[in-house]
Amino acid sequence: QLQLVESGGGLVQPGGSLRLSCVASGATLGYYTIGWFRQIPGKREGVSCTSSADGRTLYADSVKGRFTVSRDIANNTVYLQMNGLKPEDTAIYFCAAAAVVYCPPTLTTEDNNPRGYDYWGQGAQVTVAS
């Protein structure tokens, strides 16, 4: 069974950068479509989705151009590089894996329902503050 462990969260000033890691064990990460989500009180929103079929990544408009997902298949790890961080990026970030081939058409909750993901990391706190 796939297990996901995240690391790399922390406190950073506005404009700074962080890189989150999501290390998988128990199965090959490349077989799964990987989503990054963030949780703020009362809401969990999709940040990105990377298709297992072709490695293409879809980003939420709020992070497009600032966040980048990369996959290290050999080390069974996915990274979320976050640059130009803003206070509104403060959240608990989760990586998740779905046993599907492609990402949904959009990252709205209707299309990219967290319930569609089978495995979840434990979450990493990211705080952006002066």
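Bear in mind the structure is a predicted one, so any value in this text is a computation, not a measurement.
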Is the backbone N or O of Val69 less than 3.5 Å from a side-chain atom of Tyr59, with the two atoms forming a donor-acceptor pair by type? yes

Interatomic distance, Leu85 atom CG to Gln13 atom CD [nearest 0.5 angstrom]: 11.5 Å

To the nearest 0.5 Å, how far apart are CG in Asp118 and OG1 in Thr33? 10.5 Å

Inter-residue atom distance Trp36.CH2 - Met82.CE, 0.5 Å rounding: 8.0 Å

Flag, side chain of Glu6 to backbone of Gly123, donor-acceptor distance under 3.5 Å: yes

Can you find a heavy atom in the side chain of Leu2 that is under 4.5 Å from one in the side chain of Tyr31? no

Ring centres of Phe37 and Trp120 under 6.0 Å apart? yes

Evaluate the criterion side-chain contact (heavy atoms from CB on, under 4.5 Å) for residue pair Gln122 and Val5; output intermediate values, then yes/no. CA-CA 6 Å; Gln122 83 282 8; Val5 177; 4.2 Å; yes

So do the side chains of Val100 and Tyr102 get within less than 4.5 Å of each other, counting heavy atoms only? no

Atom CD of residue position Gln3 - does it have more than 12 heavy atoms of other residues, nucleotides or ligands inside 6.0 Å? no

Could you tell me whether a side-chain N or O of Ser51 sits under 3.5 Å from a main-chain N or O of Ala53, the two making a donor and an acceptor? yes

Between Lys64 and Asp61, is the closest basic N to carboxylate O distance under 4.0 Å? yes

Hey, any chance Leu29 and Leu20 share a hydrophobic cluster, counting ILVMFWY side chains that come within less than 4.5 Å of each other, even indirectly? yes

Side-chain heavy-atom pair Val126, Leu18 within 4.5 angstrom cut-off: yes

Taking the side chain as C-beta and beyond, is there a heavy-atom pair between Asn76 and Val23 under 4.5 Å? no

Keeping the roles fixed (side chain from Arg56, backbone from Ser52), state whether a donor-acceptor pair exists under 3.5 Å. no

Minimal non-hydrogen separation, Gly84 against Ser17, with atom names: N-OG, 4.4 Å

N/O donor-acceptor pair under 3.5 Å between Asp89 side chain and Lys86 backbone: yes

CZ of Phe94 to CZ of Arg44: how many Å apart, nearest 0.5 Å? 4.5 Å

Any Gln125 side-chain heavy atom under 4.5 Å of Thr127 side chain: yes

At what distance, to the nearest 0.5 angstrom, does OG of Ser21 lie from CG of Leu4? 12.5 Å

Output, in order, the C-alpha distance, side-chain angles, deciding distance and verdict of side-chain contact (heavy atoms from CB on, under 4.5 Å) for Val78 and Leu80. CA-CA 7 Å; Val78 176; Leu80 178 66; over 6 Å; no

Are side-chain heavy atoms of Tyr117 and Cys49 found at a separation under 4.5 Å? yes

Rounding to 0.5 Å, atoms CG (Asn83) and CZ (Arg19) come to a distance of 11.5 Å

Test side-chain contact (heavy atoms from CB on, under 4.5 Å) applied to Thr106 and Asn112, step by step: CA-CA 7 Å; Thr106 74; Asn112 191 43; over 6 Å; no

Determine, stepwise, if the pair Arg38 / Val63 fulfils side-chain contact (heavy atoms from CB on, under 4.5 Å). CA-CA 11 Å; Arg38 60 188 181 187; Val63 307; 3.9 Å; yes

Heavy-atom donor-acceptor pair, Asp72 side chain to Asn75 backbone, under 3.5 Å: yes

Exceeds 12 heavy-atom contacts within 6.0 angstrom, atom CD of Glu88: yes

So if you build clusters from Ile, Leu, Val, Met, Phe, Trp, Tyr with side-chain heavy-atom gaps below 4.5 Å, do Leu58 and Ile34 land together? no

Which atom pair, heavy atoms only, marks the closest approach of Gly46 to Ala60? O-CB, 3.5 Å

